[in-house]
Structure formats: structure tokens, C-alpha cells
Amino acid sequence: MAKKKMSVVIRSSPFSWKTFEALRQAVGSAMEHEVSVIFIRDGVYALTDWKPQLIGIEPLDKSIEALDMMGAKIIAEEEALRERGLKLKDWGVDIDKLPKDDICEIIKDSEVTLTW
Amino acid sequence: MAKKKMSVVIRSSPFSWKTFEALRQAVGSAMEHEVSVIFIRDGVYALTDWKPQLIGIEPLDKSIEALDMMGAKIIAEEEALRERGLKLKDWGVDIDKLPKDDICEIIKDSEVTLTW
Amino acid sequence: MVNTLWLVKRPADFPEADLINDDDIIVLIQDAVLRLPSKKNWVACEEDVIARNVKVPQENLVSYEYIINLIEKAQKVVVW
Amino acid sequence: MVNTLWLVKRPADFPEADLINDDDIIVLIQDAVLRLPSKKNWVACEEDVIARNVKVPQENLVSYEYIINLIEKAQKVVVW
Amino acid sequence: MKLLFIMVSNPYSNDFNTLIKMSQASINQGHDTAIFFMGNGLYSIVREEIKNLAENGVKIYYCAHNAEQRKIKPDSWAESSSMYGLAKLIKEYEKVIILD
Amino acid sequence: MKLLFIMVSNPYSNDFNTLIKMSQASINQGHDTAIFFMGNGLYSIVREEIKNLAENGVKIYYCAHNAEQRKIKPDSWAESSSMYGLAKLIKEYEKVIILD
């Protein structure tokens with residue numbers, strides 16, 4: 001019943017309820033585990049200044065704040081941001097921009113990986 | 001309130017309930033309209049000898065028979081079959097293998113096109 | 001007159017080029033606004049664009065009301 | 001020992017090559033059985049293969065029970 | 001114009017948002033607007049937004065077979081129908097938009 | 001082995017079939033098997049196949065928030081839980097498989 005290293009990976013188009021559910025799940029997990037929430041490929045759009053409510057989805061702000069408060073890491077893929085020419089929104093929390101290689105290492109190093 | 005020329009286009013992976021629903025809808029429409037059911041791209045897999053029940057989906061046989069009985073045309077894209085090396089199952093009904101160009105003409109010529 | 005109105009929902013999932021006539025129009029909605037088409041004659045749903053915070057030329061942005069008007073004028077609508 | 005078991009559901013949606021170790025194994029399920037991987041060390045869910053009537057070498061076909069055994073032996077499972 | 005939507009898509013999807021916004025815009029402009037729910041589309045029929053559309057004048061139909069299969073009991077403002085019923089709607093409506 | 005599935009996927013999907021077949025195979029081999037339903041996964045909890053799995057010994061949990069949001073009332077053999085409850089299950093179960 002030990003605390004685990006967990007990666008929550010958001011990797012496809014994030015403009016959906018799934019992203020909200022993924023973060024809600026990550027917040028719950030961060031209470032008990034060492035969580036990294038990792039945004040790769042099209043998943044990085046989730047961290048830009050998009051407007052979920054405009055398409056009927058709940059905003060992510062509270063989840064992102066909660067993740068930070070509970071010491072979870074939030075990580076965005078550097079290459080994915082660059083290729084898409086994206087800028088991160090200021091979420092008021094630390095977001096690590098890491099190259100793909102480093103992200104692969106974090107995922108490999110996790111005991112539990114949940115992909116969304 | 002006239003009878004219409006209708007295309008029902010199945011174009012993506014057909015191993016799902018959606019294909020069953022698409023054919024059920026096509027059967028209903030064939031009672032009132034001039035229907036062509038068109039399988040393109042990965043949609044052509046639907047006409048091979050696959051086993052829906054094995055993955056919890058209802059079989060298509062009755063729908064295919066009903067379409068034929070009501071005079072609907074069933075059309076498979078020649079190029080899609082060739083590229084995938086697929087053979088059609090003998091459904092006991094006529095299935096036209098047509099080149100993409102001809103299929104485009106049929107779709108253009110339809111008053112209603114429903115894509116699945 | 002608009003012939004066919006193509007309602008496109010996913011990026012890079014365009015109708016086969018052979019299907020599109022010169023007087024057709026493409027309307028990008030949902031995630032289709034993430035990648036702009038190389039074809040002419042397209043518009044994008046403004047709300048879907050703003051929601052996703054992507055860059056689309058202002059002159060291509062249209063409201064839902066405008067899309068409904070296009071649908072009315074088109075001979076038919078195909079969701080692709 | 002199997003390190004990571006990659007459960008792949010969609011054709012051509014493979015994990016980034018950097019993620020896969022030599023002692024990992026790829027298990028194809030659902031529509032992933034439509035395209036065979038270029039990597040070594042993979043098996044495919046027999047029922048999903050038969051359901052889709054696709055050609056997969058007999059020696060790569062495994063039952064659900066076999067997949068469960070692989071999961072038990074693996075250090076972890078990642079659905080990709 | 002008479003505009004018909006066929007809603008087959010999954011619940012909590014982008015298609016749901018598109019459906020709501022487009023049918024509201026359509027009814028706002030005075031068009032005769034209808035939605036036919038079938039397949040997994042049925043799951044959305046119980047949402048508040050659909051009830052609001054119905055109150056605003058959008059006609060709501062559904063496939064009774066799919067509803068029963070999914071154990072969904074639509075409210076009385078939704079009209080029970082079938083694939084044959086859908087075929088007749090397609091005759092009557094000038095434009096048909098499928099969301100699946 | 002202790003094996004946990006997290007079911008988030010849409011109803012009538014390929015993931016549903018995978019979930020049923022894999023969890024049955026797991027319980028057949030004597031593994032401690034559980035399914036946690038959340039998001040759109042909740043829609044599948046009312047299906048007969050899940051009840052059968054429960055009767056065969058698969059433990060069934062669900063996110064109460066998602067159930068309420070979707071107006072779904074699971075039977076009593078399913079245990080109401082939360083995202084925190086899921087976190088504790090992840091502690092306890094050795095392997096976790098997410099279907100979304």
C-alpha cells in the first residue's frame with residue numbers, strides 16, 4: 001500500500017471533457033501519490049489560454065491549482081509547443097517545459113502510467 | 001415530400017456499433033428513398049467476412065439482405081479493397097466494386113449524404 | 001450559389017479533392033479549426049476558434065447564425 | 001522478465017520509439033491488429049484478430065488468458 | 001428552411017456542443033428545426049440543454065429501439081420514432097446534418 | 001495479482017468489449033480484479049455484462065460525482081467512490097489499466 005510514482009499523460013486533442021476528467025483524476029491521485037501530469041503532442045493545447053466554457057466544458061484552473069498545491073509536477077513537451085507555435089497561459093503555477101527525451105525518462109520511471 | 005437520392009457513406013474503421021446503426025438507418029431510409037450504401041477507405045472492411053458477434057456487436061447480414069431486397073445499391077471502393085488486399089464476403093447480394101472517381105460522382109449526385 | 005457545404009470536424013480529415021467543386025464551401029468546426037485548409041473558400045466557426053485560442057484570419061471567422069444562413073443557401077450539407 | 005507491457009488499441013498509434021525498451025512487449029488489441037508493428041516482440045489478441053478477419057502470423061496470436069499472464073509478469077502496463 | 005439534425009454521437013462530446021449551438025441558431029432565425037436522436041446519441045436526450053431547445057420550439061424525435069436498448073426513458077416532449085420515421089423526416093426536411 | 005481497470009470510455013465501444021473479456025479472463029485465473037467506472041464509462045455500468053462480472057467476483061466501483069452528473073443510479077453491488085477512492089485503489093492494486 002505504498003505511495004507510487006504516477007504519470008498522467010495527456011496526448012491527444014484536449015478540447016473535451018476527457019481533459020477535465022483526467023485532471024480531476026490526477027488531483028485525486030496527487031493526495032496519495034507522487035504525480036506528474038504530462039502534456040505531449042496535441043495535448044499541449046490544454047495548457048494554452050483556451051476557453052473550455054465556450055464549448056460546454058468545465059474550466060481546468062481549479063484542477064491545475066490543486067495539482068500545484070499538492071506538489072504534483074506539471075510538464076509540457078517542448079517540441080510539441082514549438083512545432084505548434086504555442087504559448088502557455090500563465091496558470092499561476094510552475095509548468096516545466098521539457099524535451100521529449102526527458103519526458104520519456106519520466107514515463108519509464110513511473111510505476112503507474114495513465115494515458116488519456 | 002419527394003423521394004430523395006441518398007448516399008450513406010461508411011468511411012472509417014467499421015468494427016463498431018456505428019456500422020450496425022448506419023446500416024439499420026440505411027434500411028429504414030431505403031423504404032422511402034433511393035439509397036446507395038457506399039463503403040470507402042477503411043469502411044470496406046465491413047464487407048469482408050468479419051465476425052461482429054465475437055466483439056459484442058450485432059451481425060450485419062440481415063441489414064445487407066434487407067437493403068438488397070428494397071433495391072438499395074451496395075458499393076465498395078475498388079482502390080480501398082486493393083490497397084488493403086481485401087476480399088469481399090459472399091453476402092448473397094450484389095455488391096458493386098467501383099473506382100473512387102465513380103463513387104465521387106454518386107456522392108455529388110445525391111440530394112442527401114450521410115457520412116459515418 | 002453555394003453547391004455543397006462541407007462541415008468538417010477534424011483536422012486533416014478533408015473530403016477527397018475530387019468531391020469538392022469550385023462553388024462548394026468548407027465550414028470548419030470543432031477541432032478542424034486547428035489546421036487551416038489549403039483550399040480556398042472556407043470559413044471557421046468563430047466560437048470554436050476562440051474556445052481553442054488558435055489563430056485564424058479574422059475574415060474567415062463566422063458566427064453560428066452565419067453558418068445557418070450558409071446552410072440555407074447551400075444545395076446540401078455534407079458532414080465529413 | 002517483461003518490463004513494460006504496451007497495450008495498443010489503434011493502428012499506427014504506437015508509443016514513441018524512445019519509450020520502448022528491448023525487454024518490453026507490445027500487445028495489439030482492438031483495431032490495432034489491422035496494422036502489424038515493425039518492432040519485434042509483439043503479440044495480438046486472437047479474438048480481436050478473428051473478429052476482424054485479418055491475417056496475423058499464427059505464432060503471434062494469443063488468448064485473453066495469455067494476455068492476463070503477460071500482465072501479471074510485466075512490471076507495469078501502459079495503454080497507448 | 002426545414003433543418004434536421006441526426007444525433008448519433010457520444011455523450012459529453014464536441015458534437016453535443018455543436019448540436020446545441022447550431023440548432024439554437026437555427027430556431028432563432030425562424031427555421032423549422034428538428035433533432036433525431038439515435039444510437040449513442042440517445043444518452044444526450046436527457047440533458048437540460050435539449051429540454052430547453054424543445055421549449056424553444058425544436059422538435060425532438062428519437063429511435064425507440066435504441067432508447068429501450070440503453071434503458072433510457074425520454075420525457076414526453078420527445079416523440080418516439082423509428083428508422084422508418086427518420087426516413088419520412090428526411091423526405092420532409094430540406095437539409096440534413098448528421099453528427100456521429 | 002491485483003488488477004484494476006479504470007473504465008472511462010464511451011458506451012457501446014470496443015473498450016467495453018475489451019473490458020468484459022479481460023476482466024473475465026482475470027477473474028477466471030483467480031486474480032483479484034476490480035473495475036472503476038468514471039466519466040462516460042459510467043454509462044456502461046448498467047449493462048448486464050457488468051452485473052455478471054460482479055456476480056463472478058469482480059469488484060465494481062464508480063465515481064459518484066460522474067454518476068450524479070449523468071443521472072445514473074448504479075445497483076447496490078457497485079460501490080460508490082470518488083477520485084480519492086480511486087487513488088487509494090491505485091495504491092492497493094499492482095497493475096492498473098485505463099480504457100478511455
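Proteins come first, then strands; the chains are lettered A, B, ... in the order of their sequence lines, and each starts at number 1. All of these numbers come straight from a predicted model, not from anything done at the bench.
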| task | Show the numbers, then the answer: is there a side-chain hydrogen bond (donor to acceptor under 3.5 Å, both in side chains) between N52(E) and E49(E)? | result | CA-CA 5 Å; N52(E) 293 342; E49(E) 292 91 332; over 6 Å; no
| message | Give the interface residues of residues 11-37 of chain E toward chain A, defined by a heavy-atom separation under 4.5 Å. | response |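 Only Y12(E), N14(E), N17(E), K21(E) of residues 11-37 of chain E have a heavy atom under 4.5 Å from chain A.
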| query | For chain E, which residues from residues 9-29 of chain A lie under 4.5 Å away (heavy-atom distances)? | reply |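 Near chain E, by residue number: F15(A), W17(A).
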Determine whether [X] and [Y] make a side-chain contact, defined as any pair of heavy atoms from C-beta on separated by less than 4.5 Å.
X      : Y      : value
K95(E) : M1(E)  : yes
V8(E)  : N40(E) : no
V8(A)  : V35(A) : yes

| task | Going by the side chain to side chain contact (heavy atoms under 4.5 Å, CB included) test, name the single residue among L89(E), D100(E), I97(E), L86(E) that passes it with I6(E). | result |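 Output: one option passes, namely L86(E).
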| query | Ion pair present between K3(A) and E34(A), side-chain N to carboxylate O less than 4.0 angstrom? | reply |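 Between E34(A) and K3(A) there is no salt bridge, as every charged N stays at least 4.0 Å from the carboxylate O atoms.
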| What pairs with D102(A) under salt bridge (charged side-chain N to carboxylate O under 4.0 Å, His left out), at least two apart in sequence or on another chain? |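 For D102(A), no residue satisfies salt bridge (charged side-chain N to carboxylate O under 4.0 Å, His left out) once neighbours in sequence are set aside.
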| Which residue pairs pass the side chain to side chain donor-acceptor pair (under 3.5 Å) test with at least one member in residues 69-86 of chain A, sequence neighbours excluded? |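 Passing the test, one end in residues 69-86 of chain A: D42(A)-R84(A).
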| said: With salt bridge (charged side-chain N to carboxylate O under 4.0 Å, His left out) as the criterion, how do D49(A) and K51(A) come out once you've worked through the C-alpha distance, each side chain's angles and the decisive distance to 0.1 Å? | reply: CA-CA 7 Å; D49(A) 191 15; K51(A) 309 273 177 289; 3.2 Å; yes
